[in-house]
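Before any comments, here is the structure.
Throughout, protein chains are lettered first and strands after them, A, B, ... in sequence-line order, and every chain is numbered starting at 1. Everything numeric here is computed off the predicted structure, so don't read it as measured data. Both backbone and side-chain heavy atoms feed into the values below; hydrogens, waters and symmetry mates do not.
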Amino acid sequence: MGFPILKKEVLNDRFYILEVHAPHVLEKFAPGQFVMVLPKKGGEIIPLTVFKYDTQKGSITLLIEVRGKSTKELLVRFNEGDEVRDVVGPVGAKPHLEKVGKVLLVGYNYGNACVYNIGKGLKDIGNEIHFIAGFESEETALSYTLFKDISSDIKVVSGGIKKVKEEVRDFIDANKDTSLVVSAGIPEFEKEIEEVADVFEVPHLTHASAIMIDPVGLAGSDRVFVDGEVKYASLDGPWFDGHKLDYDSLIQRNNIFVDYEKEALRKFEEELEKERKRAARKKRV
Amino acid sequence: MAKIVYRRHDRNEMPLMPPEKRKKTFDEYALGFPVNVAIDEAYRCILCKKAPCIPVCPAELDIPRWIEQIQKGNMAEAYRIIREKSPFGAVCGRVCPQERQCESNCVLMFKDNGLSVSIGGLERFAADTVRISGMPFEEEKAPDTGKKVAVLGAGPAGLSAAYFLAKRGHKVVVYEALPEPGGVMRYGIPPARLDRKALDYEIELIEKLGVEIKTDHVVGKTITYEDLRKEYDAIFIGVGSGRGKTIGVPGEGLIGVYTAIEFLTRINLYEAFKFPEGADTPIPRGKRVVVVGGGFTAVDCLITSLRLDNETHLVYRRTRETSSARDEEWDHVAEEGAILHWLTQPIEIIGNEKGEVVGIKCIKMELVPDEKGGRPKPKPVPNSEHIIECDIVVQAVGQGPNPLAYQDIPGLKIDKWQNLSTVDSKFRTNVEGVFAGGDVVNGGDTVVRAIRHGREAAEAIHEYLMTGKWEYEGEE
């Protein structure tokens, strides 16, 4: 039981990478799909995109953003050689990818891993990939080298959603032959990208990160509205037509547990602080 | 020989935790019989030759035969007899609606308004005694047949099928999408009604027979029908009917609206009641909760909500008498402080400017006789609209299908509800080698009926594997 962590790499204060041995995920894996990770018993199940993978080693590489307690705990409590309890997957529909020509990938924070993942699939069928990797701040921005095998045109943009949006507008303005925009991050971000895609009438594929507690739409916590219809992000998604996804309801639903998540993170940080002090005291003695 | 004394009225009642205490814990509130009481209760059974309890047990347990063993103090033997028909005695002893099944037909009730033998309590007792005592419990199985069966879904139907197939000497692999096996027994039924130790033990016994359970495997995604076909000689689909339905009124997208499955899964599977210290999955506490529905799932949601310190209401459009849950269970939740609104139909969920639930608008109903002679029908009472203030609405109004695991099977006949009621009397689908049972066939029924399906399907699968004969009897 359990899935061993083969490699852990801390990229900066916000991001880290875990390579996990989970060969069962890869047998049927298709670009655009993801996994759900339950780090330990009593843990919280986390949907995570498969950033990169190695079929020979049977391993998947996850790019993780520290957002709440669970992602923080994975960072500080799990090391190479440790096991995560569950890796469920692959989850999600296989998106229908076509050769359309010039494709612009736009990610925001963790969303960069998602667009990279599906972008790989788009590249492999012959599309020309351009990549705008957006980050909230300079300190948390990642190097373009992480994504470089997917495109020779990667622009790292830090400084928030609005700034990334401007870059996207400039890109499409200068490249009227852009035939697809792919965006992922948080729905607040994707909504802004949709505004641009809508103005320029470019098809838009976007990533719905909904609250998900099971891989098959059982609980229905991952219901999203697409063109007025109820869809399940774990079954029908996570990739949806960006012109049709109801961003506002997704933003609303994603806020359901915000207060609880903050509380859990605060308590965990207190715990870590206590441990630090205890360790420091021991050292002095 | 002493004359048999019929003890019609002195039934031993199951000891319960007092309401004040039990609503503060997720531990089981029915405490189980102590040994002396269990043996005394067993002696109330007159061991009928043609026992009327057997045919009304959906699993057809040979009830007097194992009760006789309890009388003699042979608990392991009693448990073994139960397991001839069902691998989930500890579960069924707790969660079956016995007063509508075996206990409704007990001979002791036929005269002087007698009270039935506490069959459920005894079944639980036999199973728990074997587990708690730690006595070695080995089960026999037939020599290896060399045949392999894939079971889809580790719920009551799938695990029951796996158990009986393994006993017949077949190699069985069970595929489960969730991180833990058990299906509805894990994510649905609260630990307050079903001690997880009892469930874990019965699953371990199945694994001890060589059944391999692969959790984290989503059939249709991790592994496809084509793969299974190549690797296995037969396939049993027991994936249930798992998708929470919604009530279909305005406001379902608001913050604070849950399906019963989400509400229960957070607590039961991910232990959200321990949040934030012992678990990382959150669930609201100390709020005002309205549960909509009138079945077992609604009761489970009430039990759960009360234990989270919520002010807990139930709204149901029919009456208590016409609901499908047990009388006793309504008493239990009422004792624990649930406020029950009968003949009340929700018509709208009301939210504030932040999109959070602030109340549920309902209308009073009255029951009018059904012209066709069916259940009386609820009809709205004019001008009776009213609002129950609340922060959370839990929709316990039934389940829908989830055909992910079988939608890719070429040529498989699926009914209009996307279920597999198309199976024949031997649980065969129209695709050779593919069987189905449990809720995926009947759309939503009890745990015990799923166990029965699993067992009968296992027999049919065994027959198919050994003879190779396949004659689908359903409509082509």
Verdict with supporting geometry, A/Leu235 and B/Leu404, side-chain contact (heavy atoms from CB on, under 4.5 Å) | CA-CA 8 Å; A/Leu235 270 184; B/Leu404 177 63; 3.6 Å; yes
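- Note: A/Ser221 leads A/Ala264, A/Ala22, A/Ser221 in heavy-atom pairs under 4.5 Å with chain B.
- The pair B/Glu180-A/Lys41 counts as a salt bridge, with a side-chain nitrogen and a carboxylate oxygen less than 4.0 angstrom apart.
- Within 6.0 Å of atom CD in A/Glu270, more than 12 heavy atoms from other residues, nucleotides or ligands are found, so the atom counts as buried in its surroundings.
- Rounded to the nearest 0.5 Å, atoms OH (B/Tyr175) and NE2 (A/His24) are 11.5 Å apart.
- Here the side chains of B/Asp227 and A/Lys28 are in contact, with some heavy-atom distance below 4.5 Å.
- Looking only at distances, no side-chain donor or acceptor of B/Thr222 sits under 3.5 Å from a matching main-chain atom of A/Val25.
- Between the OH atom in A/Tyr232 and the CG atom in B/Asn402 there is a gap of 8.5 Å [rounded to 0.5 Å].
- Judged by distance alone, with hydrogens and angles left aside, the side-chain atoms of B/Tyr270 form a donor-acceptor pair with the main-chain N or O of A/Ile213 at under 3.5 Å.
- Of the possible polar contacts, none joining the A/Lys267 side chain to the B/Glu277 backbone as a donor-acceptor pair under 3.5 Å is found.
- With a 4.5 angstrom heavy-atom cutoff, A/Val216 touches chain B via backbone and side-chain atoms both.
- Considering CD1 of A/Ile45 and CZ of B/Arg266, their distance stands at 11.5 Å, rounded to 0.5 Å.
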Decide side-chain contact (heavy atoms from CB on, under 4.5 Å) for A/Val230 and B/Glu252; before the verdict, give the C-alpha distance in whole Å, the side-chain angles of both, and the deciding distance to 0.1 Å.
-> CA-CA 11 Å; A/Val230 174; B/Glu252 280 175 8; over 6 Å; no
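- Atom NZ of A/Lys244 sits in a sparse spot, with 12 or fewer heavy atoms from other residues, nucleotides or ligands closer than 6.0 Å.
- In terms of heavy-atom pairs under 4.5 Å with chain B, the best-connected choice from A/Ser70, A/Gly68, A/Gly89 is A/Gly89.
- Contact of B/Lys221 with chain A is made through backbone and side chain together, with heavy-atom distances under 4.5 Å.
- When all heavy atoms of A/Ala219 and B/Thr259 are compared, the pair lying nearest together is O-OG1, 2.6 Å.
- Of the inter-residue distances, the one linking A/Gln252 atom CD with B/Glu356 atom CD reads 8.5 Å to the nearest 0.5 angstrom.
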Residues A/Glu73, B/Asp280; criterion side-chain contact (heavy atoms from CB on, under 4.5 Å); working and verdict | CA-CA 10 Å; A/Glu73 190 178 23; B/Asp280 297 333; 3.4 Å; yes
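- Contacts of A/Leu250 with chain B are absent, with no heavy-atom separation under 4.5 Å from either backbone or side chain.
- Only the backbone of B/Ile283 has a heavy atom closer than 4.5 Å to any heavy atom of chain A.
- Each of A/Val88, A/Val37, A/Val35 was evaluated against B/Asp216; a single residue qualifies, A/Val88, per the side chain to side chain contact (heavy atoms under 4.5 Å, CB included) test.
- Interatomic distance, A/Leu38 CG to B/Thr281 OG1, rounded to the nearest 0.5 Å: 7.5 Å.
- Counting heavy atoms of neighbouring residues, nucleotides and ligands inside a 6.0 Å radius, atom CG of A/Asp13 does not exceed 12 of them.
- Of the atoms belonging to B/Lys214, not a single heavy atom falls under 4.5 Å from chain A.
- Contact of B/Phe263 with chain A is not made at all, since no heavy-atom distance falls under 4.5 Å.
- Neither the backbone nor the side chain of B/Gln399 comes within contact range of chain A; no heavy atom of the residue lies under 4.5 Å from a heavy atom of that chain.
- Heavy-atom minimum distance, A/Tyr260 versus B/Arg285: OH-N, 3.7 Å.
- When heavy atoms are compared at a cutoff of 4.5 Å, B/Glu176 does not approach chain A at all.
- Scanning all heavy atoms of the two residues, the minimum distance from B/Leu178 to A/Pro215 falls at CD2-CD, 3.8 Å.
- A 6.0 Å sphere centred on NZ of B/Lys208 holds more than 12 heavy atoms belonging to other residues, nucleotides or ligands.
- Neither the backbone nor the side chain of A/Glu271 has a heavy atom closer than 4.5 Å to any heavy atom of chain B.
- Rounded to the nearest 0.5 Å, atoms OH (B/Tyr187) and CG (A/Leu218) are 4.5 Å apart.
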